[in-house]
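A short worksheet on the structure shown next.
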Protein chains: 2
Amino acid sequence: MKSPALRVPKSRSPRKPKGQGAERREEILDAAQGLFAQKGVHAVSTRQIAEIAGISQPALYAYFATKDDIAAELCVRAFAILAERMAAARVGYTPTPENFERCLRVYIDFGLDHPDAYRVAFMLEKSVDGSFLEKTGGRPMIAGKEVFAVFVEMVGELHARGLMAGDDVMAATQSLWAGLHGLVSLLIARPEFPWIDREPLIATHVAMLRRGALK
Amino acid sequence: MKSPALRVPKSRSPRKPKGQGAERREEILDAAQGLFAQKGVHAVSTRQIAEIAGISQPALYAYFATKDDIAAELCVRAFAILAERMAAARVGYTPTPENFERCLRVYIDFGLDHPDAYRVAFMLEKSVDGSFLEKTGGRPMIAGKEVFAVFVEMVGELHARGLMAGDDVMAATQSLWAGLHGLVSLLIARPEFPWIDREPLIATHVAMLRRGALK
DNA sequence: GTGATAAGTTATCAGTGATTGGCGACGCTG
DNA sequence: CAGCGTCGCCAATCACTGATAACTTATCAC
């Protein structure tokens with residue numbers, strides 16, 4: 001007879017018996033991060049994540065309630081990076097047009113560096129029942145709002161110095177954010193479009209937004 | 001004995017035996033249009049579409065190769081409407097800032113009037129293999145490019161009259177398009193965000209884009 | 001009638017996200 | 001060291017998805 005204890009029915013990442021709580025969670029997040037970045041969030045299955053993480057698919061649910069929760073966690077972490085970058089861009093900040101442009105670029109660069117986090121946060125489809133935002137308690141959205149708050153502050157300072165074109169700070173900020181988001185999201189969602197070179201495009205866009213928002 | 005011919009295993013739209021080719025297709029599109037608008041594209045199943053259309057689920061595949069093809073068809077039709085509207089906005093057009101703003105508003109209004117078509121065209125997730133765009137032969141994208149071409153033309157005219165801020169027409173057009181897309185897509189994807197009133201927001205945005213793009 | 005065609009059906013497939021029940025190794029008492 | 005409880009994990013499974021195959025029915029030309 002064959003050896004009855006011959007397990008491993010399919011080849012798998014060879015470290016099934018490991019993982020103490022916390023680090024397994026990180027391994028799952030790492031696996032998901034890679035797959036999401038490569039294939040896009042909703043083209044990745046929980047089984048693929050589990051296989052790369054070296055565990056079975058149900059084991060995921062010991063660490064995350066849903067697949068969307070995994071995406072949400074990655075998203076929140078990515079936004080922590082964005083918040084950090086924007087804070088760094090405001091170190092020794094004085095509200096000048098040059099610094100203004102610099103902050104806009106920080107936002108754009110972040111979106112292009114973390115397209116999947118950006119997608120999860122701002123580009124995912126809504127749906128009436130069981131939406132992603134409801135399932136995840138809107139955590140990515142909340143993280144995004146904190147970043148938005150930095151913009152409000154920044155525009156407020158410029159307005160106080162009489163540099164803004166209009167008088168409605170909130171309107172100007174939302175419009176500005178929309179302008180930034182448009183470029184980032186289109187570059188992410190439509191990479192096959194015949195864009196001009198990226199750097200001059202970003203430069204043109206940032207300059208346009210500055211002219212449009214400032215006096 | 002019960003009547004043996006008691007069909008109708010589940011209550012259904014009571015017109016199974018009908019449908020001559022062409023009109024069935026329209027019924028399917030109508031059903032899908034309504035469901036997509038209500039729940040979002042990827043939260044709607046083919047079975048739901050079929051039930052509302054009054055046919056069985058496999059019968060869909062006699063008219064459309066895939067579910068995405070249904071969305072693509074709706075998208076192309078919606079873009080026909082946008083192209084029509086933009087053509088109408090250019091009747092007797094002279095390249096003035098006022099007419100420029102009017103065309104921007106046509107684009108924004110279209111996106112907000114047809115959020116699902118807009119989502120399919122510009123906001124759907126890419127994926128490496130089996131992407132929506134590949135499956136549908138990029139038809140929605142092509143329809144979108146025609147609209148983009150109108151923008152190029154428009155910006156070109158303004159540039160010829162020396163009204164544009166920069167000298168690179170293509171860069172200015174792509175930046176402008178991104179600016180418009182940003183507002184439309186954010187309003188669609190994040191309706192729960194604490195936006196200011198829509199009309200002043202649109203007015204602010206259009207004014208900002210005009211200041212940014214024109215001299 | 002008869003064969004061919006078109007349209008729609010039931011039955012089914014592989015793959016998805018998520019749940020259940022039990023197995024086995026660990027750490028703690030005694 | 002025996003016993004036991006707990007926890008991490010996995011095989012099996014569920015309901016559902018998009019899509020396909022094979023069969024049945026209605027219609028029409030001849």
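Per chain, numbering begins at 1; letters A, B, ... match sequence-line order. Everything numeric in this text was worked out from a predicted model, so none of it was measured.
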* Structure fact -> Whole-Å distance, B/E51 CD to C/dT10 P, equals 12 Å
* Please state how far atom CD1 in B/I28 lies from atom P in D/dG18, giving the value in whole angstrom units. => 14 Å
* Asked: Between C/dT9, D/dC10, D/dA19, which one does the side chain of B/Y61 approach most closely?
  -> D/dA19
* Asked: A/R24 has an atom CZ; how far is it from atom C1' of D/dG8, in whole Å?
  -> 9 Å
* Mind checking A/A62 for me? I need base, sugar-phosphate or nothing, with any heavy atom below 4.0 Å counting as a touch. => nothing
* **Listed partners of B/A207 passing side-chain contact (heavy atoms from CB on, under 4.5 Å), at least two apart** => B/R211
* Asked: Nearest of D/dG18, C/dA18, D/dT20 to any side-chain atom of B/K67?
  -> D/dG18
* Please give, in whole Å, the distance from C/dA7 P to B/F64 CZ? -> 14 Å
* Length of the line joining A/K39:NZ and C/dG15:C1', which is rounded to integer Å -> 13 Å
* Structure fact -> From the candidates D/dA12, C/dA7, C/dA18, the one with an atom nearest any side-chain atom of B/Y63 is C/dA7
* **Integer-rounded Å distance: C/dA7 P and B/R25 CZ** => 13 Å
Scan nucleotides 14-16 of chain D against the protein and return all N/O pairs shorter than 3.5 Å with their distances rounded to 0.1 Å.
none

* Please list, chain by chain and in numerical order, all residues satisfying side-chain contact (heavy atoms from CB on, under 4.5 Å) with B/A203, sequence neighbours excluded. => B/R105, B/E199
* Structure fact -> Hits for side-chain contact (heavy atoms from CB on, under 4.5 Å) against A/E73, two or more places apart or cross-chain, chain-then-number order -> A/R25, A/L29, A/F64, A/R77, A/R139
* A/A59 or B/Q48: which one's nearest nucleotide on DNA chain D is closer to the 5' end? -> A/A59
What pairs of donor and acceptor atoms, side-chain ones from residues 140-157 of chain B against any protein atom, are under 3.5 angstrom apart with sequence neighbours left out?
from   : atom 1 : to    : atom 2 : distance (Å)
B/E153 : OE2    : B/R90 : NH2    : 3.0
B/E157 : OE2    : B/R90 : NH2    : 3.3

* Asked: Side chain of B/P58: nearest nucleotide among D/dC9, D/dA21, D/dA11?
  -> D/dA21
* To do: Whole angstrom is fine here: how far is it from CD in A/Q57 over to P in D/dC10?
  => 11 Å
* Interatomic distance, A/I49 CD1 vs C/dG17 P [rounded to whole Å] -> 7 Å
* Asked: Mind checking whether B/Y118 and B/H181 have ring centres under 6.0 Å apart?
  -> yes
* Looking at the rings of A/F79 and A/F122, which for Trp means the six-membered one, are their centres under 6.0 Å apart? -> yes
* Asked: Given C/dG8, is OP1 or OP2 found less than 4.0 Å from the side-chain N or O atoms of B/S56?
  -> no
* To do: List for me each residue that meets side-chain contact (heavy atoms from CB on, under 4.5 Å) alongside B/A83, sequence neighbours excluded, and say none if there are none.
  => none
